[in-house]
2 protein chains.
Amino acid sequence: MKVEKAAKQLEALGNPTRLKVYRALVRAGEDGLAVGQLQDKIGIAASTLSHHLHRLILTGLVTQERQATTLICRANYPAMDELVSYLVDECCLDACRPDERAA
Amino acid sequence: MKVEKAAKQLEALGNPTRLKVYRALVRAGEDGLAVGQLQDKIGIAASTLSHHLHRLILTGLVTQERQATTLICRANYPAMDELVSYLVDECCLDACRPDERAA
DNA sequence: GCCCTATTTCGATGTCTATCGAAATAATGC
DNA sequence: GCATTATTTCGATAGACATCGAAATAGGGC
């Protein structure tokens, strides 16, 4: 993963509203949550939520699937896994895995 | 860890320049790097670097220690460890540790 | 084809961010 | 206490962001 991509994803998660959205989606699991359900949970204007979702989708952290008139949002686990791996491998190796310390 | 604190730290890392700074500091290990060395590595104005360092320090991800006229910067590993733990435990449990899946 | 619900896009606004150069501060050595 | 080096603070500027309400769009049922 390039540093720019990682930074983009971190920036996407680095907003309390978006982190709450992402957290809610993770907790919802495979069923995901409709945009409207997210709005109820988080309590912001629909347009604002749509904007934040757009940013999360652009970075690949969230996916959407249409079911009739509602849009189901889901956390894209592999993307987060890749991001955490980047942080651990590239940025935190010494602290988290002393025995794997690189040259 | 509260969601606001995690978001603040993610936001701090969610800028390419700051992520490069942090990465350089991690790679420098316990010796750390002087502000001037960081500036040489990254190639931005001293004032800009100072601004970014300030943000990283405010979130606790970086520490500074003065050695004579130079300021040594170091990555604060426990902070990153805590942040990654938050992401894994609160936001990525299902994907990363299926056997520890919470209720 | 029209209505209803769900969601996005538009337009506007205030706040925050990144960046720079210049000037100010800090710490040391002489 | 002055010069030197290292770093921060100041002031300015251009661009990005978060937020809202209103209007537009999408999809489906009648």
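The sequence lines fix the lettering, A, B, ..., with proteins before strands; numbering per chain opens at 1.
One atom, CD of Gln64(A), and another, C1' of dA6(C), lie 12 Å apart when rounded to the nearest Å. If you measure from atom CD1 of Ile72(A) to atom P of dT8(C), you get 12 Å, rounded to the nearest angstrom. As a whole-Å value, the separation of Glu65(A) CD from dT7(C) C1' is 16 Å.
Nucleic acid contact for Ala46(A): base, since at least one base atom lies under 4.0 Å from a heavy atom of the residue. Residue Gln67(B) is out of contact with every strand shown, counting any heavy-atom pair closer than 4.0 Å.
The nucleotide whose nearest atom lies closest to any side-chain atom of Thr48(A) is, among dC20(D), dT7(C), dT19(C), dC20(D). Listed nucleotides: dG21(D), dA6(D), dT8(D). Nearest to the side chain of Thr70(B): dA6(D). Here dC17(D) is the nucleotide among dT8(D), dC17(D), dT8(C) with the atom lying nearest to any side-chain atom of Glu11(A). Of the candidates dT7(C), dT17(C), dC10(C), dT7(C) carries the atom nearest the Val35(A) side chain, counting heavy atoms from C-beta on. Distances from the side chain of Ser50(B) to the nucleotides dT19(D), dC20(C), dT9(D) place dT9(D) closest. Which of dG21(C), dT9(C), dT8(D) sits closest to the side chain of Ala45(B) comes down to dG21(C).
The residues Arg18(B) and Glu11(A) are annotated as not salt-bridged, no charged nitrogen and carboxylate oxygen being separated by less than 4.0 angstrom. No salt bridge links Glu30(A) with Arg74(A); every basic N to acidic carboxylate O contact stays at or beyond 4.0 Å.
In terms of phosphate contacts, Ser47(A) brings no side-chain nitrogen or oxygen within less than 4.0 Å of OP1 or OP2 of dA18(D). Contact between the side-chain N/O atoms of Arg66(A) and the OP1/OP2 oxygens of dG28(D) is not found at any separation under 4.0 Å. Contact between the side-chain N/O atoms of Asn15(B) and the OP1/OP2 oxygens of dA18(C) is found at a separation under 4.0 Å. Between dT19(D) and His52(A), a contact under 4.0 Å exists linking OP1 or OP2 to a side-chain N or O.
Remark: side-chain polar atoms of Gln37(A) are paired, donor with acceptor, to backbone N or O of Ala34(A) under 3.5 angstrom. Using modelled atom types, one side-chain atom of Asn76(A) and one backbone atom of Gly60(A) make a donor-acceptor pair closer than 3.5 Å.
Relative to the axis of its first five pairs, the axis of the last five pairs of the helix from dG1(C)-dC30(D) to dC30(C)-dG1(D) sits at 20°, rounded to 10 degrees.
Positionally, the nearest nucleotide of DNA chain D for Arg55(A) lies more toward the 5' end than for the other of Arg55(A) and Thr69(A).
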